[in-house]
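These notes concern the structure reproduced below.
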Amino acid sequence: MMSSERLLAFAAMSFLLIVIPGPSVLFVIGRALAQGRRAALTTVVGNTLGAYALVVAVALGVGSVVERSVLVFTTLKLAGAAYLVHLGVRAWRQRGSLHAAVTERDPTRSGSGLRTLWEGFAVGVANPKTMVFFAAVLPQFVDRAQGHVMTQMLLLGLIFNIIAVACDSVWGLAAATGRDWFARSPRRLSLVGGIGGLTMIGLGVTVAVTGRKD
């Protein structure tokens with residue numbers, strides 16, 4: 001068993017990383033502004049699953065390869081950035097139809113939840129900030145003398161993601177609450193949908209130009 005001091009120290013460091021808005025948080029906010037509360041929370045779940053996939057990769061030893069290889073890291077980072085820009089452009093183009101989507105219930109759109117979940121997963125698994133944290137910081141909190149290294153990493157990753165779900169949900173719900181006011185006017189809703197799209201485009205560009213260059 002890991003000591004409570006080690007777990008609390010990791011939780012504190014995780015919280016400090018999570019509360020500073022990064023790609024996942026900004027993506028959730030953009031989704032909340034463009035599509036509302038349900039899409040924001042679904043995106044949070046997808047982001048969390050993507051982040052935990054990174055934890056599993058680190059526990060299996062893949063994380064060390066990503067951390068040491070500039071090529072692999074840069075490829076993943078640029079893929080995530082391109083995907084964010086793609087989603088932002090799509091949100092911008094669809095901003096005019098947001099009012100109809102909010103006021104009308106279309107049973108044929110039942111698969112949109114899974115699509116939103118997948119998009120959140122893709123952003124979560126390609127998040128450079130989380131990728132570096134799990135690859136470089138998480139292993140430092142493992143007590144190798146206790147054994148069961150993989151189990152310890154999975155536990156630490158679970159703690160990180162529980163904190164992330166709570167914080168990201170607050171961001172998403174707050175942004176979605178503001179969107180409800182905009183939803184009363186088609187023009188205002190189109191404006192906020194455009195802002196959400198531009199936010200994701202800007203985030204994608206930021207992710208592409210920041211991070212490791214060595």
*Hey, does L156 have a side-chain heavy atom less than 4.5 Å from the side chain of R6?*
no
*Could you state whether L49 and V123 fall into the same hydrophobic cluster, counting links through intermediate Ile, Leu, Val, Met, Phe, Trp or Tyr residues with side-chain heavy atoms under 4.5 angstrom apart?*
yes
*asked:* Checking the side chain of Q152 only, and the main-chain atoms of D143 only, is there a donor and an acceptor separated by less than 3.5 Å?
replied: yes
_Nearest heavy atoms of S14 and I163, plus distance in Å_ = CB-CD1, 4.3 Å
*Locate the shortest heavy-atom distance separating G36 from A176; write the atom from each residue and the value.*
C-CB, 4.0 Å
*Would you confirm whether Y52, through its side chain, and L154, through its main-chain N or O, come within 3.5 Å as a donor-acceptor pair?*
yes
*Linking I/L/V/M/F/W/Y whenever their side-chain heavy atoms sit closer than 4.5 Å, directly or via other members, would V44 and I159 fall into one cluster?*
no
*Between A164 and I18, which heavy-atom pair has the shortest distance, and what is it?*
N-CD1, 3.6 Å
_Please give me the minimum heavy-atom distance between N161 and A51, naming the atom from each residue._
OD1-CB, 3.3 Å
_How close do G120 and F27 get, counting heavy atoms only, and between which atoms?_
CA-CE2, 4.0 Å
*What orientation do F134 and F160 show, parallel under 30°, tilted 30 to 60°, or perpendicular over 60°?*
perpendicular
*For R31 and A39, indicate whether the former's side chain and the latter's backbone hold a donor-acceptor pair under 3.5 Å.*
no
*Give, for atom CD1 of I162 and atom OG1 of T48, the distance between the pair rounded to the nearest 0.5 Å.*
10.0 Å
*Distance from E119 atom CD to L114 atom CG, nearest 0.5 Å?*
11.0 Å
*Given side chains that start at C-beta, do those of S169 and L41 come closer than 4.5 Å, heavy atoms only?*
yes
_Please determine whether residues V149 and L155 belong to a single hydrophobic cluster, defined as Ile, Leu, Val, Met, Phe, Trp and Tyr linked transitively by side-chain heavy-atom distances below 4.5 Å._
yes
_Reported CZ-to-OG1 distance for the pair R37 and T177, which is rounded to 0.5 angstrom_ = 5.0 Å
*Heavy-atom closest contact (V45 atom, L117 atom, distance)*: CG1-CD1, 3.7 Å
*asked:* Is there a continuous path of hydrophobic side-chain contacts, each under 4.5 Å between heavy atoms, that joins F15 to L8?
replied: no
*Run the numbers on F141 and M13 for side chain to side chain contact (heavy atoms under 4.5 Å, CB included), then give the verdict.*
CA-CA 11 Å; F141 286 86; M13 182 171 288; 3.9 Å; yes
*In one Ile/Leu/Val/Met/Phe/Trp/Tyr side-chain cluster, 4.5 Å: M150, L158*: yes
